[in-house]
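These values consider heavy atoms only, across backbone and side chains, with no hydrogens, waters or symmetry-generated copies. Numbering of ligands and ligand atoms starts at 1, following listing order.
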Amino acid sequence: MQAALRVDKASKTYRSSNRQPFKAVNQVSLEIQSGQIYGLLGPNGAGKSTLIGMISGAAKPDPETGAIEIFGHSVINDREAAKRLLGIVPQEIVVEPAFTVEEVLYYFSGMYGVPSRERGPRIKAALDSLGLLDKLNEKARTLSGGMKRRLMIAKAILHQPKLLILDEPTAGVDVALRQRIWELVRELNRSGTTIIFTTHYLEEAEQLCESMTVINKGQVIKQGRVRDIQQEFSQNLISFELFDRDVEHLPGVRAIGTMFEYVYSDLSVDMSRILAHYSGNIKTIHNESASLEKVFLELTEGKA
Ligand SMILES: Nc1ncnc2c1ncn2[C@@H]1O[C@H](COP(=O)(O)OP(=O)(O)OP(=O)(O)O)[C@@H](O)[C@H]1O
Ligand SMILES: [Mg+2]
């Protein structure tokens, strides 16, 4: 099957005259199969938006970059074809203040080559699925932040891209809109659109994606199926709090913040050992397996 997106060793160095060159993306490779909903995760400044900028053509990759291809079309050498297949919802909200929602969308659908008789129905369908149809004749500048976000999504889907990249589409939106965006993402995916989105909310990756790439400081630190990554890190932990921390500890017990942790092999045996050893000193105790949240923290803090 053809990959929807293939990135081979992409790098981006920002240069300015008064500062040291800064490598924001460092040899990132990924391949996303058509039909997926794919997560791109990483903390602030990891390089996610820069990578997306290279895919969209907004940022020029370093010459050492191997390839960036959308359905086989190079964004560097075959840019027009690649662009037609791609929809981007950028992280920063940009709207055209003087125009109405309808005018903005007419303009964009024209720019992306949507035939004029199809523009009206497509605009209405996009706005309807985003719950924004009643704002059709409002000036874009009068929309609320969440509504502007929806308008940006509408702009990106009018030309029915085969690959849609959303850069933190749910940042700063309320719970209801977040659910609506998830629903839209699922719907678009069901109708054949491959989706990539970046997020800080791990819950989103768990809910929506089959696979993901985690980047940190410009580099890929983990890549694969969400479930496999969770499993790889699913240590079985007994975690407990003590009244008096300053005691002799059992071998294998680690202090994590105010808690202590122990990786168990047999829950009942190890739990009994801990209970016997610390006896009346135990304030709380429970067992857990790693959540994606914890995996993410361990990965991005470099502890993994
Ligand atoms: N135009 C630019 N010039 C110089 N440095 C830049 C530029 N754009 C981004 N950077 C730097 O590159 C790094 C990666 O930024 P980027 O916006 O790609 O991160 P991100 O993963 O999208 O973060 P966030 O989650 O906060 O959106 C940061 O250190 C940032 O300061
Ligand atoms: Mg970003």
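Within the structure, ligand 1 lacks Gly42 among the residues with a heavy atom less than 4.0 angstrom away.
Between the side chains of Asn137 and Thr100, no donor-acceptor pair is found at a separation under 3.5 Å.
Atom 14 (C) of ligand 1 has Gly45 O, 3.3 Å as its closest protein atom, hydrogens excluded (heavy atom only). Ranking the protein heavy atoms by distance from atom 26 (O) of ligand 1 puts Asn44 ND2, 2.7 Å first. For atom 18 (O) of ligand 1, the nearest non-hydrogen atom of the protein is Thr50 OG1, 2.6 Å. In this structure, atom 10 (N) of ligand 1 lies nearest to the protein heavy atom Tyr14 CE1, 3.3 Å. Here the protein heavy atom with the shortest distance to atom 25 (O) of ligand 1 is Lys48 NZ, 2.7 Å.
The side-chain tip of Lys139 does not point at the ring of Phe99 from less than 6.0 angstrom away and within 45° of straight on.
Remark: Glu64 does not engage Lys9 in a salt bridge, criterion side-chain N to carboxylate O under 4.0 Å. Between Glu183 and Arg186, at least one side-chain nitrogen of the basic residue sits less than 4.0 Å from a carboxylate oxygen of the acidic one, meeting the salt-bridge criterion. Using a cutoff of 4.0 Å between basic side-chain nitrogens and carboxylate oxygens, Glu102 and Lys135 are not scored as salt-bridged.
Checking Gln91 against the Mg ion (ligand 2), an N/O/S atom falls under the 2.8 Å cut-off. Under 2.8 Å from the Mg ion (ligand 2) lies no N/O/S atom of Thr198, from backbone or side chain alike.
Proximity to Ser49 (heavy-atom distance under 4.0 Å) selects the following atoms of ligand 1: 17 (O), 18 (O), 20 (P), 22 (O), 27 (O). Applying the 4.0 Å criterion to heavy atoms of Glu168 picks out, from ligand 1, the atoms 24 (P), 25 (O), 27 (O). Under a 4.0 Å criterion applied to the non-hydrogen atoms of Ala24, ligand 1 contributes the atoms 12 (O), 13 (C).
Checking each of His277, His286, His249 against Phe260 for a ring-ring contact (aromatic ring centres under 6.0 Å, His included) leaves exactly one that passes, namely His249.
Checked by atom type and distance alone, the side chain of Arg225 never pairs as donor or acceptor with a backbone atom of Ser211 at under 3.5 Å.
For NZ of Lys148, the number of neighbouring non-hydrogen atoms (other residues, nucleotides, ligands) closer than 6.0 Å is greater than 12.
Within the 4.0 Å cut-off (strictly below), no protein heavy atom is located near atom 30 (C) of ligand 1.
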